[in-house]
2 protein chains.
Amino acid sequence: MELSDYAGLSVKGARLSKADQCNGTETMTSTDSMAQTTRETGTLGKLMVLLDLVTHADTPLRFTDILALTSQPRGTLHRQLSHLVEEGLLELDGDGRYAPGLRLLDFAARSWARNEFRLIAEPHLVELQQATGETVHLGVLRGQSIIYLDKVEGRQPVRMYSQIGNASPCYCTGVGKAALSLLPSENLVDLLAGLSFTSFTASTHASAETLTAEIREIAEQGYAFDREEHEAGIRCVAAPVWSEDRTFIGGISVTGPAYRLSMELLRQWAVPVQLAAARIMEGMRIRLGPRR
Amino acid sequence: MELSDYAGLSVKGARLSKADQCNGTETMTSTDSMAQTTRETGTLGKLMVLLDLVTHADTPLRFTDILALTSQPRGTLHRQLSHLVEEGLLELDGDGRYAPGLRLLDFAARSWARNEFRLIAEPHLVELQQATGETVHLGVLRGQSIIYLDKVEGRQPVRMYSQIGNASPCYCTGVGKAALSLLPSENLVDLLAGLSFTSFTASTHASAETLTAEIREIAEQGYAFDREEHEAGIRCVAAPVWSEDRTFIGGISVTGPAYRLSMELLRQWAVPVQLAAARIMEGMRIRLGPRR
DNA sequence: TCTCGATGTTCCATTATTCGGAACTTAATT
DNA sequence: AATTAAGTTCCGAATAATGGAACATCGAGA
């Protein structure tokens with residue numbers, strides 16, 4: 001119900017919720033451990049589950065594929081998909097395959113262009129990029145995921161699994177762990193309880209225990225590392241950033257290939273990263289402080 | 001009062017949607033030719049109007065602002081906004097102001113990353129950029145708008161959402177007019193009938209008549225110009241591109257400042273632009289041809 | 001060609017959700 | 001403190017979504 005609830009951004013598990021609301025038990029699913037309490041927002045919630053399904057699929061899905069994934073009555077599913085297509089949120093090609101709709105791009109372009117947090121942070125990200133020569137990210141916590149709001153690359157393009165708008169897990173990214181270190185322990189416990197840990201590399205945290213320990217450490221020292229936890233060969237150092245009203249809880253990071261970024265070098269960069277973070281927060285305070 | 005009049009993607013009188021463009025069985029004599037029944041897709045349609053309102057606003061809106069814009073009952077509006085917020089499509093800050101939700105970014109990032117048209121076109125856009133040294137765009141027609149799918153700039157890395165994803169009018173952009181030149185005259189008439197012409201510059205088309213004339217010309221010669229019609233001092237030359245099943249009707253363009261791009265130079269570039277367009281379509285044919 | 005099965009679409013009574021007026025809280029202003 | 005504006009919650013009535021089944025459509029194999 002707080003800032004932790006929509007399952008849409010979680011890596012796995014959005015599909016389960018659909019199955020839940022299909023059969024008997026309704027309205028009484030209070031605190032569920034495995035499936036995060038997906039509070040279906042009526043009609044919209046059901047449609048969003050579908051939109052999630054299609055946008056998360058690796059390839060355009062046929063009607064029957066979606067039918068199998070949702071186990072809904074055919075007629076119902078057909079109407080729901082039709083509505084999504086008619087609104088431009090999905091597109092149906094000549095082969096009867098559903099793909100994400102381009103209208104989503106228009107929404108996102110506006111969402112991004114006007115985002116105050118990003119606008120304020122941008123110059124500081126550029127500065128940090130120039131100081132280090134490596135790629136700089138800005139991300140915020142939404143649900144269990146980090147959504148990357150911005151990315152400033154150097155000249156040498158390094159192939160990385162990161163892109164503006166992409167949602168990444170919070171438990172294996174520098175920005176994610178930095179963000180988690182900002183949460184009150186109560187909220188943190190809740191969030192961790194809903195996580196399912198996927199081991200992307202050998203270094204990825206596999207349990208809430210080890211993660212909690214590291215987060216405590218991060219909270220003390222004020223910066224976080226990603227020791228090739230999300231992608232092999234990629235390291236980063238991150239610092240937490242937040243807005244005063246806690247609408248944005250996230251972080252910034254400097255990321256690069258392990259062969260170039262020794263842990264020692266990353267440790268040296270912790271201070272400039274923290275400084276940039278401090279400047280961003282100062283910028284937010286000036287810009288947004290008065291009226292809160 | 002019509003609250004679906006957003007300058008977004010839906011056409012008022014006639015929606016150029018799947019129903020129309022589907023296989024063989026056209027000529028069903030558009031059932032909604034005179035009946036302006038804005039077929040709102042039930043609950044979803046109403047919510048999308050709200051989402052449009054908020055994302056199109058220049059600044060975050062307060063509850064009362066939205067209330068005034070929609071003239072809905074307060075209770076109803078409040079519940080609708082709550083649902084959108086709960087799903088992460090909108091965000092409500094500490095001041096009670098509604099802004100676009102970051103979840104939209106996640107959707108869009110996936111929508112973009114997997115878009116086949118864009119993936120196929122990309123290398124040809126890069127090539128065209130290198131040949132001309134100017135900025136190259138790829139856009140497709142959705143409703144009355146051109147949505148930019150890709151942008152290749154000179155030296156600077158692509159700022160993902162700076163232009164990509166933006167919806168622009170079809171009647172005053174090179175890509176837009178090139179796209180319109182592909183439409184069957186019946187569809188074109190329907191679409192033009194729903195347009196309202198905003199004069200961005202002195203050169204912007206102000207009526208369907210002059211626009212229709214130019215589109216006819218474009219259809220003959222196979223390329224289009226933007227003579228500072230959308231933005232003063234900016235010119236472009238564009239060529240139409242389409243996918244075989246007409247799912248994508250759009251174009252590519254080379255854009256730049258008028259002082260550097262004489263009309264004569266643009267005319268010379270028409271051929272390379274058309275060539276790039278042809279290669280993209282060939283790529284689509286190879287990639288998607290078989291199974292249609 | 002015909003039939004069969006798989007896939008996709010439409011229909012309609014039932015059911016659940018949304019609607020919207022009004023009462024009820026806050027928060028800001030005089 | 002009194003008053004107005006702003007936002008939230010409630011509940012019967014209106015409306016939209018549901019889901020089962022009938023209706024199309026298409027491909028492949030007999």
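Predicted model, so just to flag it, every value in this text is computed and none were measured. Throughout, protein chains are lettered first and strands after them, A, B, ... in sequence-line order, and every chain is numbered starting at 1.
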*Asks:* Does B/Arg79 or A/Gly75 map to a spot on DNA chain D nearer the 5' end, using the closest nucleotide for each?
*Replies:* B/Arg79
*Asks:* Once you round it to whole Å, what is the distance between C1' of C/dA16 and CG of A/Leu44?
*Replies:* 16 Å
*Asks:* Of the nucleotides C/dG20, C/dG8, D/dG19, which one has an atom closest to the side chain of B/Gln72?
*Replies:* C/dG20
*Asks:* In plain terms, say whether B/Arg285 and B/Glu282 are close enough for a salt bridge, that is, a side-chain N and a carboxylate O under 4.0 Å apart.
*Replies:* yes
*Asks:* For the pair A/Glu91 and A/Arg103, find out whether any cationic side-chain nitrogen is under 4.0 Å from an anionic carboxylate oxygen.
*Replies:* no
*Asks:* Would you say B/Thr43 places a side-chain N or O within less than 4.0 Å of OP1 or OP2 belonging to D/dA17?
*Replies:* yes
*Asks:* Evaluate the side-chain proximity of B/Ile147 to B/Asn166: yes if any heavy-atom separation is below 4.5 Å, no if none is.
*Replies:* no
*Asks:* Tell me: CZ of B/Phe63 to C1' of C/dA28, nearest whole Å?
*Replies:* 17 Å
*Asks:* Expressed as a whole number of angstroms, how long is the span from B/Gln80:CD to D/dA16:C1'?
*Replies:* 13 Å
*Asks:* Specify the separation, in whole Å, of atom CG of A/Leu81 and atom P of D/dG19.
*Replies:* 14 Å
*Asks:* From CG of B/Leu47 over to P of D/dA16, roughly how many Å is that when rounded to an integer?
*Replies:* 13 Å
*Asks:* CG of A/Leu84 versus C1' of D/dA17: gap in Å, rounded?
*Replies:* 14 Å
*Asks:* Atom CG of B/Leu77 to atom C1' of D/dT9: distance rounded to whole Å?
*Replies:* 14 Å
*Asks:* Give the minimum heavy-atom separation between A/Ile249 and A/Ala179, together with the two atoms involved.
*Replies:* CG2-O, 3.7 Å
*Asks:* Ignoring backbone atoms, test whether B/His78 places a side-chain nitrogen or oxygen under 4.0 Å from the OP1 or OP2 oxygen of D/dG7.
*Replies:* no
*Asks:* Given A/Met281 and A/Val241, is the side-chain contact (heavy atoms from CB on, under 4.5 Å) satisfied, shown in steps?
*Replies:* CA-CA 7 Å; A/Met281 290 189 275; A/Val241 189; 3.6 Å; yes
*Asks:* Could you check how far CG of A/Leu61 sits from P of C/dG8, rounded to whole Å?
*Replies:* 11 Å
*Asks:* Using a heavy-atom cut-off of 4.0 Å across all strands, would you classify A/Thr76 as base, sugar-phosphate, or nothing?
*Replies:* base
*Asks:* Does B/Arg74 contact D/dG7 through a side-chain donor or acceptor facing the base, at a distance under 3.5 Å?
*Replies:* yes
*Asks:* What nucleotide among D/dA17, C/dG20, D/dG7 has an atom nearest to a side-chain atom of B/Pro73?
*Replies:* C/dG20
